Number of protein chains: 2
Amino acid sequence: MTVTIEDVAQRAGVSTATVSRVIAGKPYVRDALRIRVLDAIQELNYRPSRVARSLRVQRSSIIGLIISDIQNPFFTSVVRAVEDVAQQRGFSVMLCNSDESTDKEAAYIDLLLDEQVSGLIVSPTSTNTDIYRRLVEANVPVVAIDRRVENTPMDMVVGDNVQAAYEVVSHLIANGYRRIAAVLGVPDASTGAERYEGYERALNAHGIEVDPELVRQGMPRSESGHRSTLQLLQLQNPPDAIFTGNNLLTIGALRAIDEMGLRVPEDVAFAAFDEMEWMFLVKPALTVVAQPTYAMGKKAAELLLQRIADPSRPPQEVLLQPTIKVHESSRAK
Amino acid sequence: MTVTIEDVAQRAGVSTATVSRVIAGKPYVRDALRIRVLDAIQELNYRPSRVARSLRVQRSSIIGLIISDIQNPFFTSVVRAVEDVAQQRGFSVMLCNSDESTDKEAAYIDLLLDEQVSGLIVSPTSTNTDIYRRLVEANVPVVAIDRRVENTPMDMVVGDNVQAAYEVVSHLIANGYRRIAAVLGVPDASTGAERYEGYERALNAHGIEVDPELVRQGMPRSESGHRSTLQLLQLQNPPDAIFTGNNLLTIGALRAIDEMGLRVPEDVAFAAFDEMEWMFLVKPALTVVAQPTYAMGKKAAELLLQRIADPSRPPQEVLLQPTIKVHESSRAK
DNA sequence: ATCCCCAGTGTAATCGATTTCAGAAGAGGT
DNA sequence: ACCTCTTCTGAAATCGATTACACTGGGGAT
């Protein structure tokens with residue numbers, strides 16, 4: 001039923017080897033034959049089997065992309081970038097959603113290896129895991145995105161979370177806020193840990209002690225942001241400002257503030273990590289740390305393709321600088 | 001390097017046929033052998049090559065998912081659902097973003113077929129295309145999601161767009177609005193066409209003539225919604241209400257209203273298609289048509305798996321009812 | 001004239017699984 | 001003892017490409 005390379009060879013009156021050479025654009029084929037083969041391909045509407053090819057060369061032209069939350073616009077933008085780059089370079093993307101589960105992540109890695117993917121881009125659910133060490137040792141091209149992997153030298157594309165959190169919290173302090181709460185993701189993922197570190201450093205640098213009561217860490221999802229913020233706002237001594245650790249936490253936090261009927265920044269100031277398209281709707285405008293999401297995805301894909309092309313190149317860590325956009329939600333007290 | 005079925009066979013002292021049978025859970029293998037094989041698999045940490053398997057059985061356990069905009073939360077939710085169902089049933093998902101381009105869509109379909117996918121789920125960029133007819137005729141399992149394909153009997157999962165648009169526009173009319181504008185997606189996609197049809201029918205049913213000036217159709221993206229709405233609001237005789245045809249158009253429209261400094265619903269009432277998580281932030285609350293996005297994705301995946309299992313079953317069209325949530329943005333004049 | 005080299009081509013092995021078919025071993029019937 | 005099933009197992013073909021290797025024929029050097 002399906003037309004194979006054999007059919008093409010027969011039609012063109014050559015061997016399959018020649019057809020293969022023509023398709024691969026290899027030298028050592030007479031123009032006359034090349035044309036006959038191309039014609040035959042056209043006439044038969046031949047499309048090579050990627051599966052057969054993958055089996056033979058022991059590598060598919062698929063790259064695996066494992067992200068921790070497909071419903072998070074941050075990752076969506078990353079996916080889009082990776083897909084764009086991949087497609088342009090003749091690769092396709094197999095997308096997996098680890099859903100913040102380390103087990104799922106590991107299972108997907110195995111699955112993708114079983115599919116003989118050329119490489120992997122992953123936003124690791126946890127910083128400390130030996131999965132990546134094993135991958136790197138087995139010479140599997142892999143790059144981490146958004147979140148760092150520790151103790152394993154590998155390609156990474158991350159934002160400068162410590163610095164960005166430091167700056168934005170310092171800004172809150174400069175504007176007169178002292179009881180600054182942090183609604184963060186769990187520190188298993190490096191983003192959670194680093195954004196906390198930036199927060200802590202900023203407080204310390206300005207002589208403010210960290211009040212553990214004001215630090216909430218949970219799943220980087222809106223429900224968790226909602227719950228944490230409600231708790232914070234109901235404290236005896238509630239915060240005068242809230243710093244949220246990612247876009248979904250921000251949504252939850254804003255909902256909590258909304259439900260409590262509080263005003264920003266009069267009752268509580270606000271500064272958030274991650275920018276989103278609809279944020280212009282929030283009044284007053286939110287002070288945010290904007291990450292170059294598409295650029296991160298693009299860079300990760302490029303790093304991966306480079307490593308696939310040259311597996312021995314030294315691992316590279318790309319640190320992208322977020323932009324801090326100051327608006328009214330954090331204006332001076 | 002990698003351990004193959006041959007290695008397992010050797011280790012267990014059996015043939016590859018037996019190993020294969022054990023893996024596939026087929027009958028006619030003595031328990032003693034079965035155990036030896038399972039042990040060998042364990043000891044060698046053997047994982048079968050999905051590529052080799054795909055080549056032999058002429059079908060991979062991948063399903064292709066082509067959506068028109070990966071950055072649209074509607075589709076994100078669909079992707080999530082499809083991925084959940086697929087994963088649970090032992091399939092993986094290859095995600096492609098057609099970016100509203102019919103060419104890209106066609107290219108991805110070819111690509112996925114080259115990968116021997118078991119089936120396809122697509123949100124078609126255009127209602128009229130013979131691609132799907134050819135697929136169906138070639139017995140390729142395929143289901144359309146969100147958008148209809150015409151002239152080809154195939155599995156589909158769509159919302160009742162005509163009805164929902166009719167109801168929500170009727171609601172605007174009932175609340176005293178007469179110059180109701182429609183900011184819609186192009187009618188190439190059935191969603192755009194059907195939501196317009198519902199709009200038109202509602203006006204007609206209430207003796208209002210459609211003013212072509214008030215109907216704007218463009219890419220279902222926020223820039224287009226923004227542009228269209230600005231134009232509408234700057235008309236000599238501007239609309240007293242706006243109905244938007246999807247979530248991204250809504251974002252753009254709201255931005256335009258915001259930029260013009262207008263109030264909802266005093267200056268212009270508002271009703272939107274698609275609900276989004278952050279909508280509680282919009283004040284006053286928006287009247288929206290909420291679609292069961294996850295359910296749509298789930299249903300589509302289930303239909304596809306059923307068709308894969310039984311290619312001859314009659315095509316099924318699943319019509320899901322959206323929910324209309326009335327809020328203050330459309331309150332009576 | 002002889003030899004060498006190289007561009008151009010084909011034959012056949014190979015990748016790692018599944019599956020057909022043939023045959024062995026043992027149970028049961030006559 | 002012989003035949004017939006049934007159950008179990010393995011040898012080998014197969015899927016559709018890529019590629020190592022062998023071979024051919026002609027041009028250039030000697």
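Bear in mind that the values here come from a model prediction, so they are computed numbers and not experimental data.
A salt bridge links A:Asp114 and B:Arg47; the closest N-O separation between the charged side-chain nitrogens and carboxylate oxygens is under 4.0 Å. Using a 4.0 Å cut-off between charged nitrogen and carboxylate oxygen, A:Asp7 and A:Arg11 do not count as a salt-bridge pair. Comment: A:Arg147 does not engage A:Asp188 in a salt bridge, judged by the lack of any side-chain N to carboxylate O separation of less than 4.0 angstrom.
As judged by a 4.0 angstrom heavy-atom cut-off over every strand, B:Val14 is placed among residues touching the sugar-phosphate backbone only. Nucleic acid contact class of B:Ser20 (heavy atoms, under 4.0 Å, all strands): base.
A donor atom on one side chain and an acceptor atom on the other are found under 3.5 Å apart for B:Thr102 and B:Thr125.
In this structure, OG1 in B:Thr18 is found 9.5 Å from CZ in B:Arg36, a value given to the nearest 0.5 Å. Here the OG1 atom belonging to A:Thr293 is positioned 8.5 Å from the CE atom belonging to A:Met296, to the nearest 0.5 angstrom.
Note on the helix from C:dA1-D:dT30 to C:dT30-D:dA1: terminal axis deviation equals 60°, with five pairs used at each end and the result rounded to 10°.
Of the candidates B:Val122, B:Ile66, B:Asp69, B:Ser98 forms a side chain to side chain contact (heavy atoms under 4.5 Å, CB included) with just one, namely B:Ile66. Partner of A:Asp155 under the side-chain hydrogen bond (donor to acceptor under 3.5 Å, both in side chains) criterion, chosen from A:Arg307, A:Gln306, A:Lys299: A:Arg307. Between B:Asp99 and the choices B:Gln71, B:Glu105, B:Lys104, the side chain to side chain contact (heavy atoms under 4.5 Å, CB included) rule is met once, by B:Lys104.
Between the CZ atom of A:Arg21 and the C1' atom of C:dA7 there is a distance of 11 Å, given to the nearest Å. Atom CD1 in B:Ile5 sits about 12 Å away from atom P in D:dG10, given to the nearest Å. At whole-Å resolution of the value, CD in A:Gln116 and P in D:dA17 are 17 Å apart. Counting to the nearest Å, the P atom of D:dC15 and the CD atom of B:Glu115 are 20 Å from each other.
Taking side-chain N and O atoms only, B:Lys26 has a distance below 4.0 Å to OP1 or OP2 of C:dT19. A sub-4.0 Å separation between OP1 or OP2 of D:dT9 and a side-chain N or O of B:Arg30 is present. For C:dT9, the OP1/OP2 oxygens have no side-chain nitrogen or oxygen of A:Ser15 closer than 4.0 Å. Distances shown here put every side-chain N or O of B:Thr16 at or beyond 4.0 Å from the OP1 or OP2 atom of C:dG16. Remark: B:Thr4 is not in phosphate contact with C:dG16, judged by side-chain N or O atoms under 4.0 Å from OP1 or OP2.
Listed nucleotides D:dT7, D:dT18, C:dT9 differ in distance to B:Tyr28; the shortest reach to its side chain belongs to D:dT7.
Residue whose closest nucleotide on DNA chain D sits further toward the 5' end, between B:Gly13 and A:Ala24: B:Gly13. Of the residues near DNA chain D, B:Val29 and A:Ile23, the one whose nearest nucleotide (by heavy atom distance) lies more toward the 5' end is B:Val29.
For the segment residues 44-63 of chain A, the set of residues with a heavy atom within less than 4.0 Å of an atom of DNA chain C comprises A:Leu55, A:Arg56, A:Gln58, in numerical order.
Under 3.5 Å, the side chain of A:Arg34 and the base of C:dG8 form no donor-acceptor pair of N or O atoms.
By the side chain to side chain contact (heavy atoms under 4.5 Å, CB included) test, A:Val79 pairs with A:Leu65, A:Ile67, A:Leu95, B:Ile70, B:Leu95, sequence neighbours left out.
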